[in-house]
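The chain is numbered in sequence order, starting from 1.
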Amino acid sequence: MVDRPPGLESWCPACQPEPPEPECFPEACGSEQEFDVRSDDDDQLASMHPPGLGKERLWEEIPCTEGGRQPLESNFEHCPMLPSFVRCGPHHRAELCGVLSREDIDRLQDIWWRYQDDLTWPSYDEKPKFLPRDFDTFYSIAQKVVDAMIDEYKVPMVLDQATISNTNHVGHPPHADNVRFDSVWWRGKQIRKEDEVQAAQEGGYVLWRTEKTSFRSYSCTVALSDPNGYEGGEVQFFDTWGSKDPIASYKCAEGCGVAFCGCNRNIHAVTGVKSGFRLVFLIWTRPPDVRVPDQQAHVCYFRPGTGLGVWLTTADIKHCQALKSGRKEAWVAKEEGDGTCQCKTCRAERLKLAWKDCRPSQAAHPSSSSKSTPTTSAGSSPRTSTSGATSGHSEQSESPSREELTAPGVPEPSSPRTPPQAKPGQHCPLPPAEVLCGPHGRVRLPKVLSKNDIRVLYQIWQEHQDDLSNAWYESKPTFSQRQFKDFRRIAQKVVDEMSVKFKQTLVLDQAAVNSTNHRGHPPHADNVQFDSVWWEGRQIRQRDENIAAQEGAQVHWKLSKTAYRNYSATVALTQPDDYGGGDLEFFDSWGDKNPREAVRCKAGSGTAFCGCQKSIHAVKPVRWGFRLVLLIWTRPKNVEVSEDQTQVCYFRPGSGLSIWLTSADLLNYPEHEKKKLQWVPVRREKDEQVMIALDNDEASKADDEIAENCDVLL
């Protein structure tokens, strides 16, 4: 069974009907109670806590109102965590009758028939581009719905994204559009997962967290098909999280719809379509002065129940409007803020340096005239927190060639931990992260595995595969001794080849076999993590980090939890013709949009690379087919693995079905085998077989004697 995290309570509100009175107040004791509650940016802010800004108790902290944020209601009696924020209000639902005409419906249906795609298994390698007339039609009809929403809610808003979708049999589970469920609390303690629904139904405090779409405000769904033409497909709204019965249900007529805010006050679901055809027009809006994050501009709203859809994204709107006006890019709100928010985070952020105040001249930095690349890849951010190590690259440097890395005479590092090739102290006062890899760069591993090796790994993967996004097993599956030996032997073949290429002794730390799915992996470095950007001793504001790094500011990196590793490798177990997408991409610098190199290896061949910021890499989503790879991570000889990392399985949302050979496996399986070998046969006495247990050292000395004087039992 999986161990539960400590501190989680079972739900039993009857045990203590009233909260206990505190024995004393912190002020009376002469001490101040503090909660160690951190947001995603608090680690960075802690190192530059502004003078004069003391640590307030959580219930006394000023909520953030930057960019029109409205904090959700909190209850520190039950939960010590700060709640999320929203950008909507008022919060009621509104029925929009006759918002679209018959002509509008026919034109949208025509667009859907010509551009439809299913992102579960996409038909296109990339999103189809609209013809100018189709964009005008799509955008103008979507704007009609937005105008009706403005008339209803009396607040300004602009179109953010629109989708035409035919809901399938899966439907959509209860959710809120712009906040996500986190946990349930009661009297300062978190409720166990299996009790969360009951606790929420009986009065437990539900904590909501910020969603990636928190920049949006309102949503709307408009029917494009006859409600009598399908069974199911009802839009349901729920009063609270965990409620079984909806408080309202809608099955709108053609051209009619329902609008609602995107916060937890409008938890909604769509029942699966049991029969017939349901087509809907979905609209999402945002306040006009709120900027869309770069990593969200190209993202198409999609859930398993979306079915065949057509998407008008923020990037589509920007691109098409810019072409109409004769420009390359459309103007986008900067969301600078008015500087009035007094929360701790915003006050600390205002003490950082704006890049426009220290932008170097064009002559000093010719690269500043190049096209801006504000994100590491479509759909990913340098600050992504649900994925482990974040992506980025500090300073541009020419990676060593394969000949340089494999040339004789490359010495072993005198010290196992060497600093990266940067200029410490030039702009950033913080010491650079020290990494264990060197030499840096990438090398090819041609034909490192045989066809039999690939067949053996596939058989092990087929038997023990699991997806940690929704794990099937309660604990990591156990390999047989034969499977463990085969897995370790094959992984060691790759490690031995890496040792030859990098001219140093490498030790296998972990191996995994992954079937990459449609999500892929965003750009990242394996053993270092992006931290911040600096210029002349001052930290650059978060919104300016990409452009500042591109124009010469210094990127500061910090060590990740896997900093004890040095090199990584990926070996293909399927042929490149067996799948679409799935390219292994390498980037030159932090924030680059276009990769320097894309790799597609034949089965049995692979690529090895260092784990620092000089090997920023990503894997494109697999659009169709089957991609299976062997991943290897190594560490230097005599480097210890921290106990909390020995049993960790490397996993990202794009890993798909996988198996893992962890550091704990490499230690424990041989120990189990030794225990079995401690029981050895001795010579027969009076026709009886006698078995005795010998110590490890005695067993090794007695092997030769026993082999001569007894029969070996198989």
Backbone N or O of [Y] within a donor-acceptor pair of the [X] side chain at under 3.5 Å?
| X | Y | answer |
| --- | --- | --- |
| N266 | H91 | yes |
| Q116 | L308 | no |
| S214 | N178 | no |
| Y205 | A200 | no |
| Q236 | T271 | no |
| T163 | L282 | no |
| Q161 | V299 | yes |
| N517 | P653 | yes |

Minimum-distance pair of heavy atoms, taken over all atoms of [X] and [Y]:
| X | Y | result |
| --- | --- | --- |
| P288 | P156 | CD-O, 3.6 Å |
| C220 | L96 | SG-CD1, 3.7 Å |
| Y218 | P90 | OH-O, 2.7 Å |
| V273 | T167 | CG2-O, 3.4 Å |
| S183 | Q190 | CB-NE2, 3.4 Å |
| P174 | F238 | CG-CE1, 4.0 Å |

ask   = Will you find, in the side chains of T313 and D316, an N or O donor that is under 3.5 Å from an N or O acceptor?
value =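 Yes, D316 and T313 have a side-chain donor paired with an acceptor closer than 3.5 Å.
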
Close side-chain approach of [X] to [Y], heavy-atom, < 4.5 Å:
| X | Y | result |
| --- | --- | --- |
| I247 | R93 | yes |
| F135 | H319 | no |
| V86 | V179 | yes |
| Q201 | T240 | no |
| W208 | C263 | no |
| I267 | F181 | no |
| H175 | H268 | yes |
| L468 | S655 | no |

request  = With sequence neighbours excluded, give me every side chain to side chain donor-acceptor pair (under 3.5 Å) pair touching residues 138-151.
outcome  = D104-K144, Y139-Q321, Q143-D147

CA sep, side-chain torsions, deciding dist, call: V292, K318, side chain to side chain contact (heavy atoms under 4.5 Å, CB included) = CA-CA 11 Å; V292 180; K318 288 172 54 182; over 6 Å; no

ask   = Is there a side chain to side chain contact (heavy atoms under 4.5 Å, CB included) between L312 and I317 once you walk through the steps?
value = CA-CA 7 Å; L312 182 67; I317 298 173; 4.1 Å; yes

Aromatic ring pairing W284/Y301, orientation class (parallel under 30°, perpendicular over 60°, tilted between) =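 Plane angle between 30° and 60°, so tilted.
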
query = How are the rings of W113 and F277 set relative to one another: parallel (under 30°), tilted (30 to 60°) or perpendicular (over 60°)?
reply =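 It falls in the parallel class, under 30°.
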
Please report the interatomic distance [atom1]([X]) to [atom2]([Y]), rounded to the nearest 0.5 Å.
| X | Y | atom1 | atom2 | answer |
| --- | --- | --- | --- | --- |
| I111 | T137 | CD1 | OG1 | 5.0 Å |
| F215 | T285 | CZ | OG1 | 10.5 Å |
| F302 | S165 | CZ | OG | 9.0 Å |
| N546 | I540 | CG | CD1 | 12.0 Å |
| N166 | T306 | CG | OG1 | 9.5 Å |
| D177 | S217 | CG | OG | 10.5 Å |

message = Please identify which of these residues, Y115, W311, F130, meets the ring pair (Phe, Tyr, Trp, His ring centres under 6.0 Å) condition with F138.
response =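 Only match with F138 under ring pair (Phe, Tyr, Trp, His ring centres under 6.0 Å): F130.
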
message = Quick test of your reading: applying salt bridge (Lys or Arg N to Asp or Glu O under 4.0 Å), list the pairs with at least one residue in residues 223-249, sequence neighbours left out, ordered by first then second residue.
response =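 Every candidate salt bridge (Lys or Arg N to Asp or Glu O under 4.0 Å) pair involving residues 223-249 fails, so no pair, neighbours aside, qualifies.
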
inquiry  = Working note: N264 + V206, criterion side chain to side chain contact (heavy atoms under 4.5 Å, CB included); need CA distance, chi angles, decisive distance, verdict.
reply    = CA-CA 10 Å; N264 57 307; V206 178; over 6 Å; no

inquiry  = For the aromatic rings, using the six-membered ring if either is Trp, is the centroid distance between Y153 and H92 under 6.0 Å?
reply    =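 Under 6.0 Å, so yes.
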
ask   = side chain to side chain contact (heavy atoms under 4.5 Å, CB included) between D110 and D106: does it pass, once the steps are laid out?
value = CA-CA 6 Å; D110 175 64; D106 293 339; over 6 Å; no

query = Does atom CZ of R519 have more than 12 heavy-atom neighbours, drawn from other residues, nucleotides or ligands, at distances under 6.0 Å?
reply =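 No, the 6.0 Å shell around CZ holds no more than 12 heavy atoms from other groups.
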
ask   = Is the number of heavy atoms from other residues, nucleotides or ligands within 6.0 Å of NZ (K129) greater than 12?
value = no

